[in-house]
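What follows is one structure encoded as structure tokens, with my remarks underneath.
Protein chains get the first letters and strands the later ones, always in sequence-line order, with residue 1 at the start of each.
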2 protein chains.
Amino acid sequence: MSSTPTFKRLPRAVREQQMLDAAVRVFSRRGFHAASMDEIAEDAGISKPMVYAYLGSKEELFVACLHREGTRMMEAIAGAAAPDLDADERLWRGLRAFFGFVGAHRDGWAVLYRQARGSQPFAGELAAMRARLVEVVAGMLDHALRARGREVGATDLEVVAYALVGASESLGDWLADHPEADPEKTATRMMNVAWLGADQLLRGVTWHPEG
Amino acid sequence: MSSTPTFKRLPRAVREQQMLDAAVRVFSRRGFHAASMDEIAEDAGISKPMVYAYLGSKEELFVACLHREGTRMMEAIAGAAAPDLDADERLWRGLRAFFGFVGAHRDGWAVLYRQARGSQPFAGELAAMRARLVEVVAGMLDHALRARGREVGATDLEVVAYALVGASESLGDWLADHPEADPEKTATRMMNVAWLGADQLLRGVTWHPEG
DNA sequence: GAGCATACCTACTCGTGCGTAAGGTTACGC
DNA sequence: GCGTAACCTTACGCACGAGTAGGTATGCTC
């Protein structure tokens with residue numbers, strides 16, 4: 001017979017990627033808990049036990065998604081924002097890379113940003129990634145400040161960086177929901193908010209209550 | 001007998017509030033799916049069918065939490081930022097109210113912000129709330145701009161407002177994870193990022209690529 | 001073309017937790 | 001003091017989905 005071997009046998013590495021692709025799609029569509037392993041398997045064009053054989057439990061599968069998408073994103077950003085540029089140029093390239101990534105991997109972003117926040121086991125994983133980003137941004141600010149002979153407390157720096165990262169994430173979210181929007185333009189808008197504020201801070205301008 | 005009527009019978013309105021209190025606690029501790037109706041009922045000092053009788057299904061219960069906490073927050077903010085003040089003063093008071101609320105209702109905030117993002121049914125509810133906030137902020141910016149004889153596209157305005165709201169949410173999240181942090185000080189920090197950037201925009205200063 | 005490893009499947013078990021049926025008890029009106 | 005309505009309980013049905021047992025096919029090596 002061998003009538004319709006409709007789907008060919010494939011080596012492990014390939015199938016794993018297909019499964020991860022499917023998992024990202026389904027997780028982003030349904031959320032972690034509402035996603036069923038059956039649906040993921042079906043979407044990947046494979047049967048459920050294969051998923052367990054290759055990627056382990058549902059949690060492990062989700063963490064694998066998180067890792068792959070997170071690594072891709074960090075690499076995209078790190079590759080764009082070379083450390084020997086001026087602060088504004090680094091920020092600009094980093095933002096452009098970030099929004100480019102979100103625009104190109106909307107569901108990957110949705111998994112990362114929306115799903116992983118709530119449930120305990122993944123929040124830590126995600127927080128670690130965010131922390132790296134925050135550290136990079138804070139480092140940029142600190143570097144730029146020192147170059148101007150200024151100094152700011154570590155907490156202040158961290159919090160400002162946190163706010164900038166949060167604003168970017170939020171705009172990333174907005175972008176994911178507006179398929180017609182242009183990532184490049186979104187990056188420019190973010191830059192307008194972030195850099196103009198940061199630039200003022202770098203100049204030593206600050207705001208305080210009752211003034 | 002009537003030995004130990006340990007817990008008294010209470011009118012519906014009171015029990016409903018107790019249930020909502022418990023639900024917020026449990027949802028924030030466990031997340032939506034991991035939270036069980038049994039645990040919520042136990043935490044409220046009542047049995048499960050009562051929860052169903054009063055608040056309906058698990059989803060409806062969660063939405064009820066969302067509504068109550070969201071309304072409280074919006075009222076806190078709206079009450080603080082009177083519309084006849086200057087833009088910076090309004091922003092400042094709004095931020096102070098916001099971070100004050102987060103500091104005082106850490107678990108309520110966690111429910112609102114972290115759990116509701118992922119799963120479909122609630123994302124809309126939350127998005128609607130955020131949209132109201134964004135609209136308020138955008139309105140503030142627009143008002144301030146017109147007062148200076150300037151005009152900006154509606155989308156630009158919305159996106160900037162979105163970024164500011166996102167940054168605030170993100171710092172709110174940071175605050176919820178840092179019990180030792182002072183809400184007032186956090187608000188000041190946020191103001192430094194937001195207002196200095198916004199102020200520049202209001203003056204007509206903009207940033208654009210390759211400059 | 002025998003042997004073996006690896007890809008792959010169908011068809012199940014079993015825990016968990018939402019939602020409910022059916023009945024007990026307390027307060028309050030009359 | 002007695003009905004009745006609201007409050008509250010225990011104890012269950014039932015669906016859904018994670019994870020697995022055990023078996024089949026395919027290709028690769030010698």
Side-chain angles (χ1 to χ4, degrees), chain A residues 1-23 25-66 115 118-122, chain B residues 1-23 25-27 29-65 115 118-122:
Chain A
M1 270 289 189
S2 81
S3 52
T4 44
T6 329
F7 287 97
K8 284 173 74 171
R9 284 177 91 137
L10 292 171
R12 176 168 183 152
V14 177
R15 271 279 134 83
E16 276 184 351
Q17 291 306 311
Q18 291 181 348
M19 290 176 188
L20 286 175
D21 290 342
R25 266 194 302 274
V26 175
F27 279 136
S28 74
R29 197 160 52 227
R30 305 250 189 254
F32 175 74
H33 278 278
S36 80
M37 292 299 266
D38 292 275
E39 186 177 356
I40 291 170
E42 192 190 337
D43 193 281
I46 213 75
S47 74
K48 196 167 49 158
M50 288 308 297
V51 182
Y52 281 91
Y54 284 174
L55 279 320
S57 74
K58 190 181 181 183
E59 280 200 4
E60 287 170 313
L61 174 59
F62 189 83
V63 170
C65 292
L66 218 57
Q115 311 302 336
S119 347
Q120 255 72 42
F122 320 126
Chain B
M1 270 288 187
S2 82
S3 52
T4 44
T6 327
F7 288 97
K8 283 173 73 173
R9 287 175 86 130
L10 292 171
R12 175 168 185 154
V14 177
R15 271 279 134 85
E16 276 185 351
Q17 291 306 311
Q18 291 180 348
M19 290 177 189
L20 285 175
D21 290 341
R25 265 193 305 272
V26 175
F27 279 137
R29 195 161 52 227
R30 304 252 189 252
F32 175 73
H33 278 279
S36 79
M37 293 299 266
D38 292 274
E39 185 177 356
I40 292 171
E42 192 189 338
D43 192 284
I46 213 77
S47 73
K48 198 167 49 157
M50 286 310 298
V51 182
Y52 281 91
Y54 285 174
L55 279 321
S57 73
K58 191 181 182 184
E59 280 200 5
E60 288 171 312
L61 173 60
F62 190 83
V63 170
C65 292
Q115 313 299 338
S119 343
Q120 255 70 42
F122 321 126

Residues 33-57 of chain A vs ring-ring contact (aromatic ring centres under 6.0 Å, His included), sequence neighbours excluded, gives A/H33-B/H33

Using the test salt bridge (Lys or Arg N to Asp or Glu O under 4.0 Å), find all partners of A/K58 that sit at least two apart in sequence or belong to another chain.
none

Spacing of A/L10 atom CG relative to C/dA5 atom C1', expressed in whole Å
17 Å

From C/dT10, D/dG19, D/dC7, pick the nucleotide closest to the side chain of A/S57?
D/dG19

To the nearest Å, how far apart are A/H33 NE2 and D/dC16 C1'?
14 Å

Remember a base hit wins even if backbone is also touched, and classify A/A35 as base, sugar-phosphate or nothing at under 4.0 Å, heavy atoms.
sugar-phosphate

Would you mind telling me which of C/dA21, D/dA18, C/dT10 lies closest to the side-chain atoms of A/D38?
D/dA18

Figure out the CD/P separation between B/E16 and D/dA6, and round it to whole Å.
14 Å

For the residue pair A/F27 and A/F62, categorise the inter-ring angle as parallel (less than 30°), tilted (30 to 60°) or perpendicular (more than 60°).
perpendicular

To check you understand the geometry: which heavy-atom pair defines the closest contact between A/R12 and A/A53, and what is its length?
NH2-O, 4.0 Å

If you look at every strand shown and take non-hydrogen atoms under 4.0 Å, does A/A41 touch a base, only sugar-phosphate, or nothing?
nothing

Nearest-Å distance for atom pair CZ/P, residues A/R9 and C/dC8
6 Å

Starting at CZ of A/R30 and ending at C1' of D/dC16, how long is that distance when rounded to a whole Å?
14 Å

Nearest heavy atoms of A/Q18 and A/L10, plus distance in Å:
NE2-CD1, 3.6 Å

Find the distance between CE (A/M37) and CG (A/L55) and round it off to the nearest 0.5 Å.
8.0 Å

What about A/R12: does its side chain form a donor-acceptor pair under 3.5 Å with the base of C/dA7?
no

B/Y52 atom OH is separated from D/dT9 atom P, nearest whole Å, by 15 Å

Of all the heavy-atom pairs spanning A/S28 and A/Q115, show the shortest one and how long it is.
O-NE2, 4.0 Å

A/S47, nearest nucleotide to its side chain (from D/dC7, D/dA18, C/dC9):
C/dC9

Counting side-chain heavy atoms from CB outward, which of D/dC8, C/dC18, D/dG19 is closest to A/K48?
D/dG19

Answer yes or no: does a side-chain N or O of B/R15 lie under 4.0 Å from OP1 or OP2 of D/dA6?
no

Mind running a 4.0 Å heavy-atom check of residues 58-65 of chain A against DNA chain C and sending the residues that fall below it, in number order?
none

Rounded to the nearest Å, what distance is computed from the CD atom of residue A/E39 to the C1' atom of nucleotide D/dC16?
14 Å

Separation of atom CE in A/M50 from atom P in D/dA25, rounded to whole Å:
16 Å

